[in-house]
Protein chains: 2
Amino acid sequence: MQFRIGEAAKRAGCKVETVRYYEQMGLLPQPSRSEGNYRLYSEEHLAQLRFIRHCRSLDMPLEDIRNLLTLRERPREHCAEINALVDEHIDRVNSQMALLEQLRESLLTLRSQCAGPGYTDSCEIVRELSTCECHDS
Amino acid sequence: MQFRIGEAAKRAGCKVETVRYYEQMGLLPQPSRSEGNYRLYSEEHLAQLRFIRHCRSLDMPLEDIRNLLTLRERPREHCAEINALVDEHIDRVNSQMALLEQLRESLLTLRSQCAGPGYTDSCEIVRELSTCECHDS
DNA sequence: ACAATCCCTCTAGTAACTATAGAGTCAAGG
DNA sequence: CCTTGACTCTATAGTTACTAGAGGGATTGT
Ligand SMILES: [Zn+2]
Ligand SMILES: [Zn+2]
Ligand SMILES: [Zn+2]
Ligand SMILES: [Zn+2]
């Protein structure tokens, strides 16, 4: 079975442009072409596209995915590199979460400053933002 | 007191290019210029730059900051819009956190699949990524 | 006088797409 | 046979908030 790009995109749950983008970025091998120059994807292409989309749904950067694809093609090597790659990504996600948590705290504190319906010039939110000391020195 | 851009940037804890960028984006009014065409910032410029940097440290998008700056200049209006703006941002942060939490779960599950030192072609991480069903249909 | 350091404008690069523009391909209906 | 519509092609620019560089001018210190 061969699929044109629209079908491939639909099956992988992404847009046509995204599929072309992956090809351009070297994540998807160039497919064969029809007589009218349409891309024709095989089942294997499709599997690879799904692989990419699944990794992306885990928010892995394209470069990591590129590395995973390469590693996958050396089946007799130990999977330590793969684990390391996943671990690093988990670390990234963890530190993003820590950052967001701090952000949330700061924002909630800021928000709680407003004493309720009042005028802008006496709003503590505005005041706190305007008299920041952390960005002064 | 007047400051040149390097001094202003240092005081606000950002790079020179960032200050110029804010000016270009209309977040900072154009400062006066010296004879040699150097930007000369006043204390007020500096305060506004700090305001922007502080909002940015809360990860507010520049457009929100632009709105805040506008709202701040209408001191006799009610601060409801300001509150709404902050609330929306808090919502964004909350949903980002929820997303990241899910991501973290998925990644930890994925990571735990690997049975330890083994070969790539029998690694469950690779298998799980390759046989994704969520991106198939 | 000269070097180091600052500053200027303009342009391009980052990540991962998304969205056009302008053209070609293909199947079905009248 | 012709046309309409859906699909595809390439190439280019836009998104966000900066960052980095080229190629030049200004200022400062010795
Ligand atoms: Zn208020
Ligand atoms: Zn601050
Ligand atoms: Zn393994
Ligand atoms: Zn999947």
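The model shown is predicted, which means the values in this text are computed figures rather than measured ones. Heavy atoms only: backbone and side chains are in, while hydrogens, waters and symmetry mates are out. Naming: A, B, ... by sequence-line order, numbering from 1 per chain.
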Item to complete: Classify the side chain of B:Tyr38 versus the base of C:dC8 as yes if they form a donor-acceptor pair under 3.5 Å and no if they do not.
Response: no
Worksheet, complete the sentence: In this structure, CD of B:Gln102 is separated from CE of B:Met97 (nearest 0.5 Å) by 12.5 Å
Worksheet item: Between atom CD in B:Gln24 and atom P in D:dA17, what is the gap in whole Å?
Response: 14 Å
Worksheet item: Taking CZ from B:Arg39 and P from D:dA26, how many angstroms apart are they, rounded to a whole number?
Response: 15 Å
Worksheet, complete the sentence: Whole-Å distance, B:Glu35 CD to C:dC8 P, equals 15 Å
Discussion item. Can you see if the side chain of B:Tyr21 gets near the phosphate of D:dT16 - specifically, an N or O under 4.0 Å from OP1 or OP2?
Written reply: no
Worksheet, complete the sentence: From CD of A:Gln30 across to C1' of D:dT8 the rounded distance in Å is 16 Å
Worksheet item: Which part of the nucleic acid, if any, lies within reach of A:Arg4 when heavy atoms closer than 4.0 Å are counted: base, sugar-phosphate only, or nothing?
Response: sugar-phosphate
Worksheet, complete the sentence: Testing C:dC8, D:dT19, D:dC18 for proximity to the side chain of B:Glu17, the answer is D:dT19
Worksheet item: A:Tyr22 side chain N/O closer than 4.0 Å to the phosphate oxygens (OP1, OP2) of C:dC17?
Response: yes
Practice prompt. Determine: side-chain N/O of B:Thr18 to OP1/OP2 of D:dA17, distance under 4.0 Å, yes or no.
Written response: no
Response to the item:
When rounded to whole Å, the CD1 to C1' distance for the pair A:Ile65 and C:dC17 reads 13 Å
Fill in: Under-4.0 Å salt bridge between A:Glu63 and A:Arg66
no
Worksheet item: How is B:Arg53 classified with respect to the nucleic acid when contacts are heavy atoms under 4.0 Å: base, sugar-phosphate, or nothing?
Response: sugar-phosphate
Fill in: Side chain of A:Asn37 - closest among D:dC9, C:dA16, C:dC8
D:dC9
Practice prompt. Please tell me which of the listed nucleotides, C:dA19, D:dC9, D:dA17, lies nearest to the side chain of A:Arg33?
Written response: D:dC9
Worksheet item: Is the phosphate of C:dA16, meaning OP1 or OP2, less than 4.0 Å from a side-chain N or O of A:Lys15?
Response: no
Worksheet item: Looking at A:Arg20, does any N or O in its side chain come under 4.0 Å of the phosphate oxygens OP1/OP2 on D:dC9?
Response: yes
Response to the item:
Taken to the nearest whole Å, CD/A:Glu23 to C1'/C:dA16 is 16 Å
Fill in: Listed nucleotide nearest any side-chain atom of A:Ile5, set C:dC7, C:dT9, D:dT8
D:dT8
Item to complete: Give a yes or no on whether a salt bridge exists between A:Glu7 and A:Arg4, defined as a side-chain N under 4.0 angstrom from a carboxylate O.
Response: no
Worksheet item: In terms of side-chain geometry, is the basic nitrogen of B:Arg11 or A:Asp136 positioned less than 4.0 Å from the acidic oxygen of its partner?
Response: no
Item to complete: Inspect the contact between B:Glu23 and B:Arg39 and indicate whether a charged nitrogen and a carboxylate oxygen are less than 4.0 angstrom apart.
Response: yes
Worksheet item: Rounding to a whole Å, what distance do you find between B:Leu62:CG and D:dT19:C1'?
Response: 14 Å
Item to complete: Report the distance from atom OH of B:Tyr41 to atom P of C:dC7, rounded to the nearest whole Å.
Response: 10 Å
Discussion item. One thing to verify: whether B:Asp64 and B:Arg92 come together as a salt bridge, which I'm taking to mean a side-chain N less than 4.0 angstrom from a carboxylate O.
Written reply: yes
Discussion item. Go nucleotide by nucleotide along DNA chain D from the 5' end; which of B:Gly36 and B:Glu63 gets its closest nucleotide reached first?
Written reply: B:Glu63
